[in-house]
Amino acid sequence: MLIEKSFTALKESMESLKMPPLNQEDSLSFTEHGHFSSNISFAAAKVMKKNPMEIALKIAESMKGEFMLSSSAVKPGFINVTFTDRALIDEMKEIASEINWGKKDINKGKVNLEFVSANPTGPLVLVNMRAGVAGNCLAKIMQYSGYDAVKENYVNDSGKQVHNLGASILFHIAKDKGEFPENGYKGSYIKDIAFEVQKNHPPLNWSEENINLCADEGKRIILESQKKSLEKFHIVFDSWVYESFIRNEYIKKTEEYLREKKYIYVNENAVFLRTTDFGDDKDRVIYKSDGEMTYFLPDIAYHFYKAERGFDRIIDILGPDHHGYTSRIKASLQMLDKKSRFDIIIAQIVTLYRNNEKYEMSKRAGDFISMDELAEEIDPDVLKFLVLSRKLSQPFNFDIEKAKETTMDNPVYYVQYAYARLSSLMSNACINSFSDISYDYDSLGDDSLRSIAAKLLEFPYTVYSIAETYEIQKLPTYIVSLSSLIHSYYHDNRIITDDKKETNIKISVLFAARRILRTAFEMIGITVKERMEKNEV
RNA sequence: GCCCCUGUAGCUCAGUGGAUAGAGCAUUUGUUUCCUAAACAAAGGGCCACAAGUUCGAUUCUUGUCAGGGGCACCA
């Protein structure tokens, strides 16, 4: 890859000048001043205590490589490199011919990516959709960047909330029922489940045993429907971990370990964990004074289980309600003394508006819009693109009516249209694969075509950076800006002409652009359309 | 009270320790050629909340102020 070659040239230049070794990748930026820009001279200037401009001049002068048209030092000390057309054309060929162009083939380690992890007590809601789409996308980004990513869903299938679910269901069945359970679930789906359970069982009276039976049936039915909801968005997991399994297999082990390490103490009959030793603002209870276990211990045990499976990195994408929860889970992971890197990403709240009015939601009261219902109103492709375009750590507000009204101006159609235009060109020009294109010429002709070619070089680096920073919105931003270049070029230029050579030159770049678009679409999970169906709006 | 997040164009939001701060929508104007205007081009619109500090340089980092949002548990 050209950018790799540039790094090498930069490194060799700095070595020959006896400059300190610095991480070149950190200093990479893509600007309009060249195909490759670096501000490494500023970093070097700090270490060497010299003028950055002076350093930049030396580096620019000594950088070597036949792929470079020029390398220059500018103003305060930037280094800009411009590639030759010949080198860009060779790069277009690489993109076209290598199926996984840009994908890192070195193994950077195993990653566990946990997301969604909803309680099996009701339909998945909007923030689950947000986290699901983001997690799915992030896993693909990690894989492209050289990581071996495992997508995991944790199911809280035991504990109090499941008991409440069972009681809420049985309430609609048992004749001798009492009051509606405190903290019970009120959604209408509960009645549907109750009806289902009633069909398969003899009349049930109010008893602990029957509550558990209803809970089991409820969990099963809800999990099935959650899976279906996820499938609508093509969210698929590699691994499902059940809390019941963790409770049986890992709680004891974890507790013994923590006790041995003396992180546990008793105060007023309650059992505490010294999370303050690792930065939490207060110690947390793992057994209440009535002897009941809190949810915290199974969660630690679950992370113990994760760490034990040899992941180099563990990532949790959590909902907004876990905001105050991150410091204690991080503390507990440090207690386990595993060397895995551990990151928590909070997927912020999704708030719906209808005609500028906020739509208040409460899951427990049964008043909410599920991700299924939303998918019925708005095309999942549109939702995915919208959701991924916003920073995950920021609250996401949008108006359903507006999202429907403005479909004409929706960015997802914009980018799909760019792809469809390219596909049409390829079929008109009878190009089925890169072998139909000739790459034996030395000029790209004009700057607008050159800038599309240069934009393609950015793609892998955009992806790699997301794998480290989790700023997924950079991918949609990239796709939109590439699409914009394509639309603009398409509008201004006739691509297929009688001049075979010129046609071929244009096609060589556009074929590669189409390749990159396709890879990017697959990463964010939107449909790749060879042609657009005209919408009646 | 304590903690976290946010404040960038009329609106919804990107972005960055550096080279002229961007996009979409909205407004005004112009452009229809392979997949079609679901597109392109141009114009207007900004004390990057405010103030101080850090340095060669801050919209970006630090602190404070003001404003908005979210979270605090022997609930899950």
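Proteins get letters first, then strands, A, B, ... in listed order; numbering begins at 1 in each. Please read all numbers here as calculations on a predicted model, not as lab measurements.
A:H487 meets the ring pair (Phe, Tyr, Trp, His ring centres under 6.0 Å) test with A:Y414, A:Y417; sequence neighbours excluded. Looking at residues two or more places apart in sequence or on another chain, you find a ring pair (Phe, Tyr, Trp, His ring centres under 6.0 Å) between A:F521 and A:Y419. Listed by chain and residue number, nothing satisfies the salt bridge (charged side-chain N to carboxylate O under 4.0 Å, His left out) test with A:D446 (two or more places apart in sequence, or in another chain). With sequence neighbours excluded, no residue forms a side chain to side chain donor-acceptor pair (under 3.5 Å) with A:S6. Partners of A:K506 by side chain to side chain donor-acceptor pair (under 3.5 Å), not counting sequence neighbours: none found. Taking A:E217 as the reference, A:R220 meet the side chain to side chain donor-acceptor pair (under 3.5 Å) condition, with sequence neighbours excluded. Scored by the ring pair (Phe, Tyr, Trp, His ring centres under 6.0 Å) test, A:Y353 finds no partners at all (sequence neighbours excluded). Taking the ring pair (Phe, Tyr, Trp, His ring centres under 6.0 Å) definition, one finds that A:Y242 meets it with nothing, sequence neighbours left out.
At whole-Å resolution of the value, CD in A:E268 and P in B:rA73 are 17 Å apart. As rounded to whole Å, 12 Å separates atom C1' of B:rA19 from atom CE of A:M53. The interatomic distance linking A:E292 (CD) with B:rC74 (P) rounds to 14 Å, in whole Å. One atom, CZ of A:F511, and another, P of B:rC34, lie 22 Å apart when rounded to the nearest Å. Rounded to an integer number of Å, the gap from CZ of A:R514 to P of B:rC34 is 19 Å. In this structure, the CG atom of A:L392 is 15 Å from the P atom of B:rC13, given to the nearest Å. Atom CG in A:N493 sits about 12 Å away from atom P in B:rA41, given to the nearest Å. Rounded to whole Å, the distance from NE2 on A:H491 to P on B:rA42 is 12 Å.
Not a single donor-acceptor pair, N or O on each side, falls under 3.5 Å between the base of B:rC40 and the side chain of A:S488.
Comparing atom distances between the A:T294 side chain and each of B:rA76, B:rA14, B:rA19 picks out B:rA76 as nearest. The nucleotide whose nearest atom lies closest to any side-chain atom of A:I495 is, among B:rC13, B:rC34, B:rA19, B:rC34. For A:N428, counting side-chain heavy atoms from C-beta on, the closest listed nucleotide (B:rC34, B:rC13, B:rC74) is B:rC34. Residue A:K160 has its side chain nearest to B:rA76 when only B:rA76, B:rC13, B:rA19 are considered. You'll find that the side chain of A:S37 is closest to B:rA19, out of B:rC40, B:rA19, B:rA37. You'll find that the side chain of A:K288 is closest to B:rC75, out of B:rA14, B:rC75, B:rC34. Checked against B:rA76, B:rC74, B:rC13, the side chain of A:V285 finds its nearest nucleotide in B:rC74. When distances run from any side-chain atom of A:H487 to the nucleotides B:rC40, B:rC34, B:rA19, the shortest one goes to B:rC40. With B:rC34, B:rA14, B:rC74 as the candidates, the nucleotide lying closest to the side chain of A:A270 is B:rC74.
Here the separation of B:rA37 from B:rC66, taken at their C1' atoms, is 47 Å to the nearest Å. Comparing B:rA9 with B:rG53, their P atoms sit 26 Å apart, to the nearest whole Å. With C1' as the reference atom, B:rU59 and B:rA49 are 12 Å apart, rounded to whole Å.
Within 6.0 Å of the CD atom in A:Q394, the count of heavy atoms belonging to other residues, nucleotides or ligands exceeds 12.
Screening A:V125, A:V127, A:V133 for a side-chain contact (heavy atoms from CB on, under 4.5 Å) with A:M129, the sole residue that qualifies is A:V133.
At the heavy-atom level, A:F42 lies under 4.0 Å from base atoms of the strands shown. Among the protein residues, A:S327 comes within range of no part of the nucleic acid, since none of its heavy atoms lies under 4.0 Å from any strand. Nucleic acid contact for A:R494: base, since at least one base atom lies under 4.0 Å from a heavy atom of the residue. Residue contacts shown for A:N80 include a base, since a base heavy atom lies under 4.0 Å away. Counting any heavy atom pair closer than 4.0 Å across all strands shown, A:S289 reaches a base atom.
Between A:Y250 and A:Y302, a ring centre-to-centre spacing not shorter than 6.0 Å is recorded. Ring-centre distance between A:F385 and A:Y413: not below the 6.0 Å cut-off.
Remark: A:K282 is not in phosphate contact with B:rC2, judged by side-chain N or O atoms under 4.0 Å from OP1 or OP2. Residue A:Y325 places none of its side-chain N or O atoms closer than 4.0 Å to OP1 or OP2 of B:rA76. Between A:Y414 and the phosphate of B:rC40, there is a side-chain N or O to OP1/OP2 separation shorter than 4.0 Å. At B:rG15, one or more side-chain N or O atoms of A:Q473 fall inside 4.0 Å of OP1 or OP2 (strictly under the cut-off). For A:K391, no side-chain nitrogen or oxygen approaches OP1 or OP2 of B:rU6 to under 4.0 Å. Contact annotation: A:R328 does not reach the phosphate of B:rG71 (side-chain N/O to OP1 or OP2, under 4.0 Å).
Residue whose closest nucleotide on RNA chain B sits further toward the 5' end, between A:I496 and A:Q394: A:Q394. Closest-nucleotide positions on RNA chain B for A:N39 and A:I349 were compared, and the one nearer the 5' end corresponds to A:N39.
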Output a table of nitrogen or oxygen pairs between the protein and nucleotides 7-11 of chain B separated by less than 3.5 Å.
none

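For RNA chain B, no neighbouring residue in residues 461-469 of chain A is found when judged by any heavy atom under 4.0 Å.
A heavy-atom distance below 4.5 Å is found between the side chains of A:C137 and A:L388.
Ring-base stacking between A:H33 and B:rA19 is satisfied, the centre separation being under 5.5 Å and the plane angle under 30°. The aromatic ring of A:Y417 is not stacked on the base of B:rA39, since the criterion of ring centres less than 5.5 Å apart with planes inclined by under 30° is not met.
Annotation: salt bridge (charged side-chain N to carboxylate O under 4.0 Å, His left out) contacts involving residues 477-500 of chain A, sequence neighbours excluded, are absent.
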**Message:** If a pair means Watson-Crick or G-U wobble with both distances below 3.5 Å, what does RNA chain B look like in dot-bracket form, with | marking bases paired to a different strand?
**Reply:** (((((((..((((....[...)))).(((((.......))))).....(((((..]....))))))))))))....
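Using a 30° and 60° split on the angle between ring planes, A:F83 and A:H35 fall in the parallel class, below 30°.
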